[in-house]
Amino acid sequence: PLHESAWKAAEASAARGAEALGRTDEGHWYLTVSTTRPETMLGDTAVAVHPDDERYALLVGVDVELPLTGRTIPVISDAFVDPDFGTGMVKVTPAHDPNDFEIARRNDLEFLDILTPEARMSENAPERFQGMGRFEARKAVVAALEAQGLYAGEKLHTHQVPHCYRCGTVVEPRLSEQWFVRMAPLAHPALQASLDGTVTFAPTRWKKVYEDWLENIRDWCISRQLWWGHRIPVWYCRDCDEQVVSRDDPTACPGCGSQRLEQDPDVLDTWFSSWLWPFSVFGWPDATDDLRAFYPTHTLSTAPEILFFWVARMVMAGYEFLGEEPFAQVYIHGTVRDKLGRKMSKSLGNGIDPLEVVDRFGADALRFTLISAAGVGTDIYLDPEDLEASFAPGRNFANKVWNAGRFTLMSLGDGPVAPPSEVDDDLELADRWILSRLSRTTAQVTRDLERFRLHEVAERLAYEFFWGELADWYLELVKPRLRGEAGEASRQAARSTLVTVFDAVCRLLHPLVPFVTTALWNRLPFPEGEGRPEDLIVAPWPDPVPIWENPEAESGLAALQELITEVRSLRKEYGVKEGRGISLEIGAVPESFRGTLDVEMRSLQRLASVESVAIGDEFQGRIGAHAVLKSGMELFLPLEGVIDLDQERARLRGEIRRLEGQLAGAEKKLANESFVSRAPQEVVERENEKARSFREQLDKLIEKLSDLEGA
RNA sequence: GGGCGCUUAGCUCAGCUGGUCUAGAGCGCCUGCCUUACAAGCAGGAGGUCACUGGUUCGAAUCCAGUAGCGCCCACCA
């Protein structure tokens, strides 16, 4: 209800479309406001409108009677109010709403706390409501308004209310006294550290998030009403106004000498101790050796949701207490989520028990799986219901390392191992190849680790290098040599190479699969005269060895692989049983591959499972499987009686179609004037080379096909 | 409401400075193998209009804009 003195203004306002205004049958003016929490009206100390809202301009400053309370409160204006929401008029409850609290501070309003800590109506509420719970009071207030004919009705309004993260109870804001830390002076150096690159973030997008928060820094409430924690070191004197802040428990008030001191019942926010972590773990505030040796640290690895709570505050504390940043890099890893995208958490109970994973798949499998899933800036989705799907690959890899390691140790035997430099002259293609691959892999993996590209490390080092190159090819290639079948010099060269490579790969893999690599490395013989580090975990990280990098060995072995793979593929295509010995004929051998072929003849026979290999080009008119490799090399498997000619023709046609497509693509590019003139020379050259190779293969295949058409 | 991210094979995801990408891996699937390191394995295979539309460029999964869908974080209007 409005005081009669304001009725004139009300009438004028109503003419301007003031929606909140109404009039009783008796002609009394009143205001209607809406709320989702009717009981809070008992604590209202104003009604607010927007300063630019013409409809209500005349009413600002008038008094209204607040029903049920006997109190009179003013209409005020504040920019917070949204004129387009509801009637454009808001009730203001400073003690029980954060926004209203701010409005009250700006407008010098009263604060009336009508709730007890237990969320019952306090002595500040009208007597008839005192002691009621808030929900009970809500009903009672509505009923009381209704009884007085002051209730305008209700309307559905969907909004979100804060709930306790543990018990789900609706949280009511309530005025209280808390300790705060003034943050602006602390934030400044922490912001500067990011701006000037002293502290960097990976992925880089977190840099902006960090800086935005510090630029809009708010004071930090450090009081917590919890049972556990560091108690706030403040004592209040019961006999005077003195407050004592002290490290030691004071016994008497320094102001009046009273002994009646009472410590603040609250405890400190957990982060108030956690932000000291980078140096408190080293014994700070004592100037310990550890602190000198290890502070500042290098990289902090942490989760995105505590970037502000913890990371930013550690940087602040670092500068504040030690004058130096606590770490140079912050790596923000992904969050592990369940199938529905929910963060795995104890309270949701949607997590995976790491101990169960360790039990079923092994600790290395757990670690490896998470690393191989850790794409930069991406979350990790795992299905708690299907651990097999998530962790089997990790277990399989660890198992592979174990088996390859067992084989390595067994094959090396006991004799002394020569350092690689001493067997240099005896190194064979496979040795030179794997050393070359090792050096390149080392360089790549080191770079990937430095850039936190952990999943790339898993892919390149574990799958491509260890499994795909070392286990699948090198170990297979050197088996006979390790058995001594190619002579002692060859055996020693292979042993030396294998020890070198296995030692290095254990060091590289150690961060991914620490347990299995340690178990193997401890038993790995070391070359004569080479010092053995104390333990794998402290063994120096391998460096790339540029003199090992050997493009000829790599291309030679690649050609050998292609040859072997093609033979295997053809055998399979025509269902040639494992046991059945067949012969292989190779033609058009490139000059550069002749030497390799001679030397690796045995490897070829063994790995392609062919009984004999002949070099020649008398394939014309003969029945069998034909193929042409990238280098133009031709191969022929005489399979008369086994091969189905229709199938062979179809296969050749398929090959021809594939090559024609590739050739067409390359030729189209090369026919494009602007490609030839604008693309870098080497790109054009490469395209030319591709086209040439496609054409050569194509010509040969077409010839073979036409050869068969007549048969 | 503000900010950010994602969309590529049946599934989970790589693909960095545009050109070896007619696009890879693991799992799953098909075929053949218990080959004295490994069947949790070996060998061979099938499977993709790179969400859509437009733009930039000699050239786009990749860069830009828009659209659709999915998701995360922060704030929260009585």
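Here the structure is a predicted model, which means the values were calculated and not measured. In what follows, chains are A, B, ... by sequence order, proteins preceding strands, each numbered from 1.
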Listed by chain and number, what are the side chain to side chain donor-acceptor pair (under 3.5 Å) partners of A:Thr446, not counting sequence neighbours? A:Trp541

Donor-acceptor pair, side chain of A:Ser569 and main chain of A:Thr565, under 3.5 angstrom: no

Using a cut-off of strictly less than 4.0 Å, decide whether A:Ser674 has a side-chain nitrogen or oxygen near OP1 or OP2 of B:G59. no

Considering only heavy atoms, which members of residues 393-404 of chain A lie under 4.0 Å from some atom of RNA chain B? A:Pro393, A:Arg395, A:Asn396, A:Asn399, A:Lys400, A:Asn403, A:Ala404

Determine whether a donor-acceptor pair (N or O, by modelled atom type, separation under 3.5 Å) exists between the side chain of A:Tyr56 and the backbone of A:Val75. no

With respect to the side chain of A:Asn99, which nucleotide from B:C76, B:A25, B:C16 is positioned closest? B:C76

On the nucleotide B:A14, are OP1 or OP2 found under 4.0 Å from the side-chain N or O atoms that A:Arg453 carries? no

According to side chain to side chain contact (heavy atoms under 4.5 Å, CB included), who are the partners of A:Ser693, at least two apart in sequence or on a separate chain? A:Gln697

Considering only side-chain heavy atoms of A:His455, which listed nucleotide, B:A14, B:A37, B:A78, is closest? B:A14

May I ask you to say what A:Glu456 touches in the nucleic acid, namely base, sugar-phosphate or nothing, with a heavy-atom cut-off under 4.0 Å? base

Mind checking what makes ring-ring contact (aromatic ring centres under 6.0 Å, His included) contact with A:Phe80, not counting sequence neighbours? none

Polar atoms only, N or O, under 3.5 Å: list the protein pairs with nucleotides 17-19 of chain B and their distances.
unit_1: B:G19; atom_1: O2'; unit_2: A:Arg686; atom_2: NH1; d: 3.2

Could you list the residues that satisfy side chain to side chain donor-acceptor pair (under 3.5 Å) with A:Thr335, not counting sequence neighbours? none

Contacts of A:Glu356 meeting salt bridge (Lys or Arg N to Asp or Glu O under 4.0 Å) (sequence neighbours excluded), chain-then-number -> A:Arg360

Could you give the CZ-to-C1' distance, from A:Arg337 to B:G71, as a whole number of Å? 8 Å

For A:Tyr151, which residues count as a ring-ring contact (aromatic ring centres under 6.0 Å, His included) partner, sequence neighbours excluded? none

Wobble G-U and Watson-Crick pairs count when both distances are under 3.5 Å; given that, what is the 5' to 3' dot-bracket string of RNA chain B, with | for pairing to other strands? (((((((..((((.....[....)))).(((((.......))))).....(((((..]....))))))))))))....

Output one line per pair: protein atom, nucleotide atom from nucleotides 1-12 of chain B, and distance, for all N/O pairs under 3.5 Å.
unit_1: B:C4; atom_1: O2'; unit_2: A:Arg205; atom_2: NH1; d: 3.3

With sequence neighbours excluded, residues passing ring-ring contact (aromatic ring centres under 6.0 Å, His included) with A:His96: none

Nucleic acid contacts of residues 460-473 of chain A, taken as heavy-atom distances under 4.0 Å to RNA chain B: A:Arg460, A:Tyr463, A:Trp467, A:Ala471, A:Asp472

